[in-house]
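Protein chains get the first letters and strands the later ones, always in sequence-line order, with residue 1 at the start of each. FYI, side chains are in, hydrogens and waters are out, and symmetry mates aren't considered; it's all heavy atoms of this structure.
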Amino acid sequence: MLLEIEGLQDKIEVEEGALLGSLLAYFPKKRAKEIVAFSWENKVYDLCREVPKECKKLIPVFLNEPLGLKILRHSAAHIMAEAVKKLFPSAKVTIGPDIENGFYYDFDYERPFTPEDLEKIEQEMARSVAANHPFVREELSKEEAKKLFLKLNETYKLEIIDELGEETVSIYRHGDFVDLCRGPHLPSTGYLKAFKLTSVAGAYWRGDENKPMLQRIYGTAFASEKDLKKYLAQLEEAKKRDHRKLGAQLDLFSFSEEAGPGMPIFHPKGALLRAILEDFEIKEHLRRGYEVVRGPRLLRQELWKRSGHYDNYRENMYFTEIDGQVYGLKPMNCLSHMLIYKSKLRSYRDLPLRFFELGTVNRHEKSGVLHGLLRVRQFTQDDAHILCRPDQLQEEIVGVLNFVRDVMKLFGFEYELEISTRPEKSIGSDEDWDRATTALTQALESLELKYDICPGEGAFYGPKIDVKLKDALGRKWQCSTIQCDFTLPERFDLTYIGEDGEKHRPVMLHRVILGAIERFLGVLIEHYAGAFPTWLAPVQARILTITDAQNEYVENCYKVLRQAGLRVEKDLRNEKLGYKVREAQLEKIPYVLVAGEKEVEAGGLNVRLRGGKNMGLKSLEEIVDIIYQDMDEPFKQGGMSYRYLY
RNA sequence: GCCGGGAUAGCUCAGUGGUAGAGCAGCUGAUUCGUAAUCAGCAGGCCGUGGGUUCAAAUCCCAUUCCCGGCUCCA
């Protein structure tokens, strides 16, 4: 058969049944060493397999490209499992996939693995790599495979085999190790040149907290030692962006053991940063046709029963008793918004109604999930509930999606959209869930937005579209969310009078744009690495003196700039200029304004930008102008405008 | 909530059973200096908390709180 191979000029003649590995001969030696598999029609084949029948064109998979790295990491997981079985024969293997930037393997073992165990495992892996065992693929019937793994007492594999749809399954061997696996794998263990085991952690079998806890070992592997080192260095860099670290360094917020876990405390600069964000939000919401409202934080238990929160969300709620009545501390803001709607008779002409609240909520998050500002027990949502007629629903969803788009663009965030469908624990009819899901999907489609589907991940009252942002370490956090709800209007018997004079039921959207201010701030700190754009920076400029001869002059400049609405500080300390510049730089203040003899004489200040660039001497009026323009810059696209001034 | 690791001065960390240490920050003094660290002195500690073992505990054991990395769950 005549075969085309990407990267080779001429087609080559191959005998039926030839092994893919034999094709390496057609590549230059150095290049051939980097080929770990071939792909054809989106399927990847190991080099130890035969050239697939009917195949016309093959694409080589190189070790250092994403697909090659997946294979490398998956094989690294197998090699790790081999090492673990050798060192701890009673450990049972379960699953071991490649993941973003690495791999893991879950083992069932009588005790947790220790960091010392990891070192031993790494050494054992190195031995396997040195031995350069070939990976060998075999296909077996399910029955044969079950016999094999029963003999090995690998009970988890038996469970997996039972769930596989196909009649034949594949196994991979290398050295003495055998694993049930779809493949593909490296040609041999010797290809694994650069790897490192990074951590151990407990993980439930099948991700189910009712099933046994396994021992998960994480590792990473790269095509070369250089790539591995680069990755580890990147990780170190990313840790410097950690909002928990920057939050303390920049004196934005803290947590206190005395105050309690998950209860962030905002210091002056952090609180100002929040205030700016919140002020921007209120103004932008008013501009977009929302009305600002405010509800109580404690509401009677009966109301939570009526909404369904008591039955579906109780374990996350805090309750307290006041004068013999039980009250629930709100975990969501919808209830009082429902009551506002109900406070008077509504006409179809009034809709849509958009109630916006910077609503502070409390949720009892499990202790192990708390994480800096990104996961706390008290937070403020930029929450709104849109009540509209069914025919307005899609337009409203589109409006929210556009709002999200504009805001994310303002901050320069890349984001992923996910649509989540009905979970097991939920209220409402299937019909309503379908209508709601369709409305969300159609809005996404009409804007031609890409999205993933997450089955069963919806809120208990309705399906949702989530927007996910990434933190410094690439972990995803849900920020914006748009949730469709047919149920609460029903439960609270919300109505409006239609054109026909009859009562009709409005539809409700729950939505947040930033999500939780705390979480958004956390992601934002990492996104900017603490160097906030000037419109957000709690301190926009600091004036430095060179000697105390300038003190009086600087006091005056300070007054003038504050008067102009800028967030300015002054540093009159008896320190060398370099020292003061360094501090301002470490605090990531956008503008450093220096006053020396020359500046006093000229009646201006020398302007140094955060990056180190010097703009030279400018008058105070020019400085105000420069900073204002800088504040406005991010708003220019998207047609928004905003300034926070004293 | 579950599994593992950790907690020493405001911060970063050293200290393997025998008198708690360093750098930075702070305070005081000197220095008056041009774009990322001037010098000197001083002060700073219930070694997370509670129990235990021991002649003696930051150090060993138990419990507990909080933090970190995962799992599950979520804005």
Side-chain angles (χ1 to χ4, degrees), chain A residues 104 106 111-115 117-118 198-218 239 242 244-245 248-249 251 254-262 313 315-316 331-333 359 361 363-377 379-383 420 423 457 459 464 466-469 473 475 477-481 483 510 512-520 522-523 544-551 573-586 592-599 606-609 612-614:
Chain A
Y104 68 79
D106 285 350
R111 65 162 177 86
F113 295 114
T114 64
D117 292 336
L118 286 201
T198 49
S199 62
V200 247
Y204 301 108
W205 169 234
R206 298 262 138 125
D208 184 339
E209 60 185 323
N210 302 312
K211 294 209 161 100
M213 178 155 283
L214 308 171
Q215 299 301 320
R216 173 171 299 179
I217 303 178
Y218 283 94
K239 279 187 195 155
D242 190 314
R244 291 165 298 190
K245 203 166 179 156
Q249 266 167 25
D251 198 14
S254 63
F255 288 89
S256 154
E257 191 172 335
E258 291 169 291
Y313 207 74
E315 55 278 18
N316 287 301
M332 299 184 194
N333 300 302
V361 297
R363 297 186 185 173
H364 180 257
E365 302 292 346
K366 290 180 182 172
S367 60
V369 306
L370 300 174
H371 185 100
L373 288 184
L374 300 182
R375 192 80 180 266
V376 291
R377 285 186 173 154
F379 54 96
T380 301
Q381 295 179 301
D382 60 336
D383 205 359
S420 299
E457 301 281 309
K464 55 179 188 166
D466 289 332
V467 176
K468 300 215 164 161
L469 303 180
L473 289 173
R475 291 176 287 214
W477 296 92
Q478 180 184 318
C479 290
S480 323
T481 176
Q483 311 179 342
H510 308 243
V512 290
I513 304 294
L514 306 183
I517 303 291
E518 287 78 357
R519 173 177 290 181
F520 191 78
V523 179
L544 315 183
T545 51
I546 289 176
T547 74
D548 47 23
Q550 291 88 42
N551 284 6
R573 289 175 305 167
N574 176 12
E575 294 290 350
K576 288 173 102 171
L577 182 61
Y579 182 86
K580 296 199 227 182
V581 167
R582 177 170 192 270
E583 280 200 349
Q585 182 70 33
L586 288 175
V592 170
L593 309 173
V594 177
E597 232 174 284
K598 271 188 283 176
E599 286 74 20
N606 184 282
V607 180
R608 182 193 200 269
L609 301 178
K613 226 177 93 185
N614 204 307

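- Across all strands shown, A:Glu258 has no heavy atoms under 4.0 Å from either base or sugar-phosphate atoms.
- Across all strands, A:Glu575 comes closer than 4.0 Å to base atoms (heavy-atom distances).
- Using a 4.0 Å heavy-atom cutoff across all strands shown, A:Lys464 reaches sugar-phosphate atoms only and no base atom.
- Comparing B:rC3, B:rC33, B:rA75 by their nearest atom to the side chain of A:Thr547 picks out B:rC33.
- Listed candidates were B:rG34, B:rG69, B:rU38. Nearest to the side chain of A:Ala201 is B:rG69.
- When distances run from any side-chain atom of A:His371 to the nucleotides B:rG69, B:rU32, B:rA37, the shortest one goes to B:rG69.
- Residue A:Gly207 is in sugar-phosphate contact alone, with no base atom involved, counting any heavy-atom pair closer than 4.0 Å across all strands shown.
- A close approach under 4.0 Å does occur between a side-chain nitrogen or oxygen of A:Arg244 and OP1 or OP2 of B:rC68.
- Taking 4.0 angstrom as the limit, A:Tyr218 places a side-chain polar atom (N or O) nearer than this to OP1 or OP2 of B:rC71.
- Closest to the side chain of A:Ala203, from the set B:rC71, B:rU72, B:rU38, is B:rC71.
- Between A:Arg608 and the phosphate of B:rA36, there is a side-chain N or O to OP1/OP2 separation shorter than 4.0 Å.
- Taking 4.0 angstrom as the limit, A:Lys211 places none of its side-chain polar atoms (N or O) nearer than this to OP1 or OP2 of B:rU72.
- Put simply, A:Tyr579 has a side-chain N or O that comes within less than 4.0 Å of OP1 or OP2 on B:rA25.
- As judged by a 4.0 angstrom heavy-atom cut-off over every strand, A:Val376 is placed among the base-contacting residues.
- The A:Lys576 side chain lies nearest to B:rC33 when the options are B:rC74, B:rC33, B:rC3.
- Across the protein-nucleic acid pair, A:Glu518 atom CD and B:rC74 atom P stand 20 Å apart, rounded to whole Å.
- We find that CD of A:Gln215 is positioned 10 Å from P of B:rC3, with the value rounded to whole Å.
- For A:Arg475 and B:rG69, the shortest distance from a side-chain N or O to OP1 or OP2 is below 4.0 Å.
- Side-chain N/O atoms of A:Gln478 include none lying less than 4.0 angstrom from OP1 or OP2 on B:rC74.
- At a threshold of 4.0 angstrom between heavy atoms, the contacts of A:Leu544 with the nucleic acid are absent.
- Looking at A:Glu365 and A:Pro261, their side chains never come closer than 4.5 Å, going by heavy atoms from C-beta outward.
- For the P atoms, the distance from B:rC2 to B:rA57 is 33 Å, rounded to whole Å.
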